[in-house]
Amino acid sequence: MRMEDPSSAAIRSICTSVDRDPGRLLDVLRAVQAQCGCVDNQAVATIADCLEIPEGRVRSLVGFYAFLSERPLGEVVIRLADDVPDWMAGRDRVEAAFVEELGIRPGATTPDGRIGLAHTSCIGMSDQGPAALVGDVVVTELSTDRAREVVAGLRSHGQPARLVRKLGDGNNAHPLVRAMVRNNIRQAGPLVLTEPRRGEAMRHALAMSPAEVIRAVKTARLRGRGGAGFPTGMKWEYARQAPGAAKFVICNADEGEPGTFGDRVLLTELPDRVFAGMTIAAYAVGARRGILYLRAEYAYLAPFLEHILEARRRDGLLGHSILGREGFDFDLRIQLGAGAYVCGEETALIESCEGLPGTPRNRPPFPAQRGYLGHPTVVNNVETLACVTRILEAGPAMFCAQGNPSSSGTIVLSVSGDCELPGVYELPFGTSVREVLERAHGREVAAVQVGGPSGRMVPARDFDRRLGYEDLPTGGAFVALGADRDPVEVAARFTAFFAEESCGHCTPCRVGTGMLRDGLERLRAGRAGAADLDMLNQLAATMRATSRCGLGQTAARPFLTSLEAFPDAYATLLRSDPDGLRAGFDLERAVATATGIRDGGTHVR
Amino acid sequence: MSDELRIVVDGRTIPARRGQTILEAADLAGVYIPHLCHLRGLLPHGSCRICVVSLDGRTVSSCTQPVQDGMLVASDTPELNEHRRLLLELLFAEGNHFCMSCERSGNCELQALGYRFGIGASRFPLRCAPHRIDASHPDVLLDRNRCVRCARCVRTSAAVDGRHALELVGRGIAREIEPGHGARLADTALVAADRAPDACPVGALLRKGEGFAVPIGRRRFDHRPIGSEIEERSEVHP
């Protein structure tokens with residue numbers, strides 16, 4: 001695949017393939033990026049002209065999504081995951097090997113333009129890290145030797161697909177997937193990770209009225225598995241009652257919370273269960289169209305999922321008159337993302353589906369009132385929809401038999417970090433942290449990050465706390481932190497992640513996440529006093545209270561919960577200010593910044 | 001269902017109409033809720049967060065929250081004012097706001113909010129990040145050093161001028177105002193008669209050829225703090 005000048009004819013043909021619909025701008029940009037290696041100014045102008053939209057709108061997407069770029073990053077880009085579990089697994093050594101072998105720093109391209117190296121946030125492979133995306137191909141369990149082999153392979157044949165030697169288990173070996181990814185299912189069942197019973201849930205649902213289906217989901221007390229825990233039945237009821245002829249069901253497969261990978265396994269092994277859940281939701285709320293929003297990191301699953309959708313259409317489980325029911329029509333399309341964690345927020349996800357930057361919306365209105373293209377929309381997470389299918393298959397009572405009154409059913413946990421058996425564990429709500437660690441054979445675990453960076457750092461003294469909405473809510477991430485891990489460093493890394501992924505719309509998140517990251521770095525470098533720590537606490541309180549969406553509201557949690565768990569780790573880092581100067585002031589950096597200011601690009605003639 | 005409603009802001013009952021936001025209703029009734037990205041006539045942006053109020057135990061932006069009859073809103077509380085102060089300090093630390101040399105000084109809403117909230121200096125380390133200046137346009141200067149990302153210019157250009165001459169581009173801290181067309185402001189359709197440059201609350205967009213036109217002492221905020229014009233609208237002074 002040689003890079004060519006962005007040919008305007010090729011770009012126009014891409015635009016025509018989506019009927020020049022500006023709502024499909026993200027698809028257009030993904031295709032142009034794939035074909036031309038970048039979306040440069042000329043491409044922006046051509047696309048804007050072809051779709052009849054302002055250039056600024058096109059540029060705002062290119063600047064927003066990490067997998068789009070103005071300049072060519074290389075014929076093949078190696079994106080090395082930079083999340084905490086991958087770091088614990090040694091990704092820094094792997095990065096050093098890539099840097100040495102390629103002779104370039106992350107963010108750069110080899111002089112011949114063939115290989116680019118970049119950081120990326122979690123790619124959903126925390127159970128088999130260090131991992132990287134090489135083009136669209138997932139490469140797991142990287143070592144320094146393996147990194148050198150990857151570079152050698154790309155230099156000789158340039159084909160990422162040929163880097164995969166041994167295929168993973170289950171559908172990872174499917175001809176349309178062919179990934180080296182392993183499922184690592186350690187505990188399957190009793191509810192979600194069970195043998196598929198194709199079509200059964202839908203037959204049961206169609207035997208009921210839509211209102212009865214909603215009642216069944218309510219009786220099962222199903223709550224959203226993405227982490228926020230909103231009652232699913234209530235969400236459906238709002239959408240059902242909302243006025244509007246066109247309604248939509250969207251499945252949120254933008255699993256981006258670092259340390260989470262359960263949805264990856266569900267989409268690989270039980271996609272029918274997820275699609276059935278979407279179809280049942282459509283029946284319940286009166287929707288005729290849906291979207292599966294698949295994160296760009298899981299693009300390797302897209303051809304396989306398209307194939308499953310085709311099979312469902314063929315078998316009358318999707319399309320017109322589903323299962324022979326006159327008037328019940330539902331179909332869906334897959335929308336691929338382009339690298340943005342914030343798109344997991346449901347209103348940002350809707351914006352992204354509409355071909356806009358993934359900036360969360362002001363609420364109200366809520367998606368159930370005005371969502372995709374202004375129509376009432378239900379957005380449910382992958383695991384939630386799989387639960388829906390199981391509730392309709394086996395009945396609410398069977399579902400409620402697991403868990404407890406406020407958290408019914410099971411949770412598909414993504415266990416990673418310092419343990420012998422990382423992978424996916426389906427466990428009833430109410431399971432304690434300690435029980436999970438025993439199953440996963442934790443190694444001298446001093447703390448567990450439950451729910452990812454936006455969750456909580458739980459120290460060993462609290463290992464009897466239980467997973468569930470009433471105690472420790474989690475979207476699935478469960479990262480074991482060994483006794484030799486520095487909790488402040490973990491918090492600093494998580495905070496840097498939020499700064500990287502902030503959409504930049506609102507002040508507390510755009511500016512606050514970076515200030516918090518820098519504050520923690522000063523603290524770790526021994527350049528902060530008690531007053532600085534107070535200031536960070538005040539900053540955290542303002543970020544939590546005033547941020548516009550969940551990202552900013554939770555971005556200070558790594559700091560706050562690690563401080564609560566390990567106050568001594570922070571106290572030992574604090575310095576007094578003996579010379580009367582604020583410990584936090586970095587004279588050298590200030591001078592370096594000041595001398596770096598130049599008159600670049602001023603356009604003053 | 002009547003469209004005439006009543007809401008309570010800081011203990012004062014004020015009239016409101018269905019479809020209004022809390023900020024709009026308060027503004028018309030002479031209750032000042034501090035704000036920056038809000039500009040009357042434009043769709044709300046909800047980005048600066050200065051206008052946050054407390055509603056049923058939640059903190060929401062009053063510029064985006066629709067009114068409901070009987071709503072109880074708290075705005076002028078020590079806690080919310082502390083959040084506002086901190087948000088303003090973040091904005092001062094984010095950009096390069098050198099008031100002494102800025103043409104908008106005295107007419108600047110960020111500066112005026114700083115004075116109203118008694119901010120002497122930001123408690124946060126100034127980022128001192130260099131930002132690009134675009135002087136290419138014959139009539140308008142874009143100095144990104146002073147931008148607060150409120151998108152008032154973007155929204156005005158699109159909704160009032162009908163031009164899309166400006167756009168917010170980029171993610172996170174890298175988010176910047178960029179020309180809506182081409183690489184420079186001069187490449188856009190922006191003309192001197194446009195309203196977009198006047199929508200800027202700070203000195204990021206300035207008209208050329210008329211610097212320091214209003215003498216010190218007669219500038220917008222020289223004698224009265226920001227918000228006074230709204231508070232004077234109130235029939236009953238608090």
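Labels below follow one simple rule: chain letters A, B, ... track the order of the sequence lines, proteins then strands, and each chain is numbered from 1.
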- [ ] With a 4.5 angstrom heavy-atom cut-off, could you sort out which part of Arg361(A) is near chain B: side chain, backbone, both or neither?
- [x] neither
TODO: Please determine if Arg17(B) and Glu24(B) form a salt bridge, counting it only when a charged side-chain N lies under 4.0 Å from a carboxylate O.
DONE: no
Open item on the list: Around atom CZ of Arg57(A), are there more than 12 heavy atoms from other residues, nucleotides or ligands closer than 6.0 Å?
Closed with: yes
Task: Ala45(A) portion near chain B, given a 4.5 angstrom heavy-atom threshold - done: neither
Task: Side chains of Glu345(A) and Thr347(A), donor plus acceptor under 3.5 Å - done: yes
Open item on the list: Can you tell me which portion of Val148(B) sits under 4.5 Å from chain A's heavy atoms? Options are side chain, backbone, both or neither.
Closed with: backbone
Open item on the list: Report which part of Leu168(B) has an atom under 4.5 Å of a heavy atom belonging to chain A: side chain, backbone, both, or neither.
Closed with: backbone
Task: Part of Thr513(A) within contact of chain B (heavy atom distance under 4.5 Å) - done: neither
Open item on the list: Under 4.5 Å from any heavy atom of chain B, what part of Ala48(A) do you find: side chain, backbone, both or neither?
Closed with: neither
Open item on the list: Report which part of Arg175(B) has an atom under 4.5 Å of a heavy atom belonging to chain A: side chain, backbone, both, or neither.
Closed with: side chain
TODO: Using a cut-off of under 4.5 Å on heavy-atom pairs, state which of Gly519(A), Ser547(A), Cys509(A), Pro357(A) scores highest against chain B.
DONE: Ser547(A)
Open item on the list: Looking only at heavy atoms and a cut-off of under 4.5 Å, which of Gly512(A), Gly514(A), Pro365(A), Pro508(A) has the most pairs with chain B?
Closed with: Pro508(A)
TODO: Considering only NZ, NE, NH1 and NH2 on the basic side and carboxylate oxygens on the acidic side, decide whether Asp69(B) and Arg18(B) come within less than 4.0 Å.
DONE: no
- [ ] Answer with side chain, backbone, both or neither: which region of Leu61(A) has an atom nearer than 4.5 Å to a non-hydrogen atom of chain B?
- [x] neither
Task: Distance in Å, Asp198(B) CG paired with Leu39(B) CG, rounded so as to fall on 0.5 Å steps - done: 10.0 Å
TODO: Pick out which of Phe494(A), Tyr65(A), Phe64(A), Phe497(A) makes a ring-ring contact (aromatic ring centres under 6.0 Å, His included) with Tyr341(A).
DONE: Phe497(A)
TODO: Find the one option among Val44(A), Thr359(A), Asn362(A), Asp518(A) whose heavy-atom pairs under 4.5 Å with chain B are most numerous.
DONE: Asn362(A)
TODO: Could you tell me how the ring of Phe92(B) sits relative to the ring of His97(B): parallel (under 30°), tilted (30 to 60°) or perpendicular (over 60°)?
DONE: perpendicular
Open item on the list: Check this for me, if you would: do Arg510(A) and Glu94(B) make a salt bridge, where the nitrogen-to-carboxylate-oxygen distance has to be below 4.0 angstrom?
Closed with: yes
Open item on the list: If you count heavy-atom pairs within less than 4.5 Å of chain A, which of Glu178(B), Glu167(B), His83(B) leads?
Closed with: His83(B)
